[in-house]
Amino acid sequence: MGRFIKNIWKIICYPLMYIGIQVAVTFIYMIVFSIAVGLKIGIESSVTGEPFQMDNIYENIYDLIMSQMMIPVVISVFVTVLIIFLILRKEWAAEKFWNFARFKISPFLLCISLGAALNVLTICIIAMIPIPPQPSPIDEIVGNNMIIDLLIISVFTPVLEEIIFRGIVLKRLNKMMRRHTAVFLQALIFGIIHLNLLQGIYAFFLGVIIGYIYLWFDSIYVAIAVHCAYNATSLILFYIFGDSDVNIFYFLVISALVFIISIASLVALAERQEKKAYSHNLTGGNGNNNNDDNNDSDNRWQL
């Protein structure tokens with residue numbers, strides 16, 4: 001029992017670390033920024049001799065903080081990555097976690113198309129369901145600079161979340177329980193940490209898809225590709241269409257076709273890769289048929 005609890009803690013401590021660092025960095029940033037802005041307003045008021053209203057100060061500080069909220073996001077991402085690297089660097093080196101040989105161009109490109117299609121498909125489906133509007137913190141921090149938004153929301157954050165939720169949480173859960181249970185459990189944790197109903201739904205289904213793909217190809221690169229493409233598509237659509245009315249039907253049909261083709265191609269690639277590895281084990285890599293303990297495939301490609 002003690003070992004089980006210890007293993008569970010090794011899994012959930014990283015998502016908790018992720019949330020804790022975000023909260024701590026944001027809190028410290030808001031205090032420091034508020035003090036700096038308050039001092040600036042006070043100095044300007046002293047110089048000009050014009051009295052200031054407290055309500056205006058609060059509004060100015062709030063507006064300035066929200067316009068710069070990407071700063072604590074970036075800081076928290078880099079701090080979390082650094083801490084995780086320091087903790088797991090030996091483990092990663094031993095298992096060749098970042099081995100570039102695991103990067104394959106075909107599944108990588110298919111994962112990009114899958115992530116983009118999944119995003120559009122999810123948006124279309126949710127748009128047809130009468131769900132009350134769900135305010136999201138992300139709405140307050142995007143829209144100032146497209147390049148910065150893309151780097152943070154579509155690159156830095158997805159890389160960190162894939163390291164935590166697929167590279168650590170799913171990988172360790174998969175060693176403790178059945179594959180399907182591990183995939184859905186990590187997806188549930190991934191959805192919960194978004195702390196928003198609508199985003200949580202998005203994240204859960206995204207986590208399920210990425211979870212299976214990660215296990216099929218045993219590569220963090222494919223997981224990152226899906227997640228980056230998913231987030232990038234949201235931002236690109238936001239900048240292109242904003243709140244404009246669009247014909248959901250066409251987007252729904254096209255995204256569904258791209259999603260089906262991409263996922264079917266990924267399954268075929270994973271199956272071929274698994275059969276090739278299985279054949280290699282049977283022949284011992286030199287054309288000889290060796291019957292050993294490695295004869296049974298783990299069927300990584302199967303859902």
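A single hydrophobic cluster is seen to contain both Val208 and Tyr230, as judged by linkage of ILVMFWY side chains at heavy-atom distances under 4.5 Å, directly or through other members. In terms of hydrophobic clustering, with Ile, Leu, Val, Met, Phe, Trp and Tyr side chains grouped at heavy-atom distances under 4.5 Å, Val253 and Ile125 are assigned to different clusters. With hydrophobic clusters built from ILVMFWY side chains whose heavy atoms lie under 4.5 angstrom apart, Ile28 does not share a cluster with Val25. Linking Ile, Leu, Val, Met, Phe, Trp and Tyr residues whenever their side-chain heavy atoms come within less than 4.5 Å places Phe100 and Ile112 in a single cluster. In the hydrophobic clustering of ILVMFWY residues, with side-chain heavy atoms under 4.5 Å counting as a link, Ile254 and Phe251 come out apart.
Side-chain atoms of Thr157 never come within 3.5 Å of backbone atoms of Ile153 as a donor-acceptor pair (strictly under, hydrogens ignored). Without hydrogens or angle criteria, Ser154 side chain to Leu151 main chain gives no donor-acceptor distance under 3.5 Å. In this structure a side-chain-to-backbone donor-acceptor pair under 3.5 Å is present from Ser113 to Leu110. At distances below 3.5 Å, not a single donor-acceptor pair connects side-chain atoms of Tyr212 with backbone N or O atoms of His180. Between the Gln186 side chain and the Gly207 main chain, a donor and an acceptor come within less than 3.5 Å of each other.
Atoms OG1 and CD1, from Thr26 and Ile71 in turn, are 11.5 Å apart once rounded to the nearest 0.5 Å. To the nearest 0.5 Å, atom CG of residue Leu88 and atom CD1 of residue Ile168 are 5.0 Å apart. Taking CD1 from Ile220 and CD1 from Ile210, the interatomic distance works out to 9.5 Å, rounded to the nearest 0.5 Å. Expressed to the nearest 0.5 Å, how far CG of Asp218 lies from CD of Glu274 amounts to 10.0 Å. Atom CD1 of Ile19 is separated from atom CD1 of Ile193 by 5.5 Å, given to the nearest 0.5 angstrom. Atom OG1 of Thr80 and atom CZ of Phe156 lie 13.5 Å apart (nearest 0.5 Å).
For the pair Gln22/Val77, no side-chain contact is recorded, criterion being any heavy-atom separation below 4.5 Å from C-beta on. Annotation: side chain of Leu235 is not in contact with side chain of Asn231 (no heavy-atom distance under 4.5 Å). Looking at Leu269 and Lys104, their side chains never come closer than 4.5 Å, going by heavy atoms from C-beta outward. Residues Ile213 and Leu114 have side chains in contact (heavy-atom distance under 4.5 Å, counting atoms from C-beta outward). Put simply, the side chain of Leu170 reaches to within 4.5 Å of the side chain of Tyr214, judged on heavy atoms. In this structure, His227 and Phe165 have side chains that are not in contact, with every pair of non-hydrogen atoms separated by 4.5 Å or more. Ile83 is listed as a side-chain neighbour of Ile21, based on a closest heavy-atom distance under 4.5 Å. Inter-residue side-chain proximity for Leu206 and Val226 is flagged as met; some heavy-atom pair is nearer than 4.5 Å.
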For the pair Tyr239 and Asp149, evaluate side chain to side chain contact (heavy atoms under 4.5 Å, CB included) and give the outcome as yes or no after the intermediate values.
-> CA-CA 10 Å; Tyr239 274 98; Asp149 289 347; 2.5 Å; yes
Steps toward side chain to side chain contact (heavy atoms under 4.5 Å, CB included) verdict (Ile163, Trp98) = CA-CA 10 Å; Ile163 290 173; Trp98 292 106; 3.7 Å; yes
Do Leu118 and Phe205 pass the side chain to side chain contact (heavy atoms under 4.5 Å, CB included) test, and can you show the C-alpha distance, the side-chain angles, and the key distance before you say yes or no?
-> CA-CA 9 Å; Leu118 180 61; Phe205 288 106; 5.9 Å; no
Determine, step by step, whether Phe103 and Phe108 satisfy the ring pair (Phe, Tyr, Trp, His ring centres under 6.0 Å) criterion, reporting the C-alpha distance in whole Å, the side-chain angles of both residues, the deciding distance to 0.1 Å, and the verdict.
-> CA-CA 7 Å; Phe103 176 88; Phe108 186 81; 4.7 Å; yes
List the steps, then state whether side chain to side chain contact (heavy atoms under 4.5 Å, CB included) holds for Asn7 with Lys175.
-> CA-CA 10 Å; Asn7 289 333; Lys175 294 178 180 178; over 6 Å; no
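With respect to the salt-bridge test (charged N to carboxylate O, under 4.0 angstrom), the residues Lys171 and Glu91 do not qualify.
For the residue pair Glu161/Tyr18, the side-chain donor-acceptor check at 3.5 Å is satisfied.
Nearest heavy atom pair, residue Cys228 against residue Val155, reads SG-CA, 4.2 Å. Residues Ala270 and Trp216 approach most closely at CB-CB, 3.8 Å, considering heavy atoms.
Between His194 and Phe190, the ring-plane angle classifies as perpendicular under the 30° and 60° cut-offs. The aromatic rings of Phe97 and Trp92 sit parallel to each other, their planes meeting at less than 30°, with 60° as the upper class boundary. Taking the six-membered ring where tryptophan is involved, the planes of Phe184 and Phe204 are tilted, since the angle between them lies from 30° to 60°.
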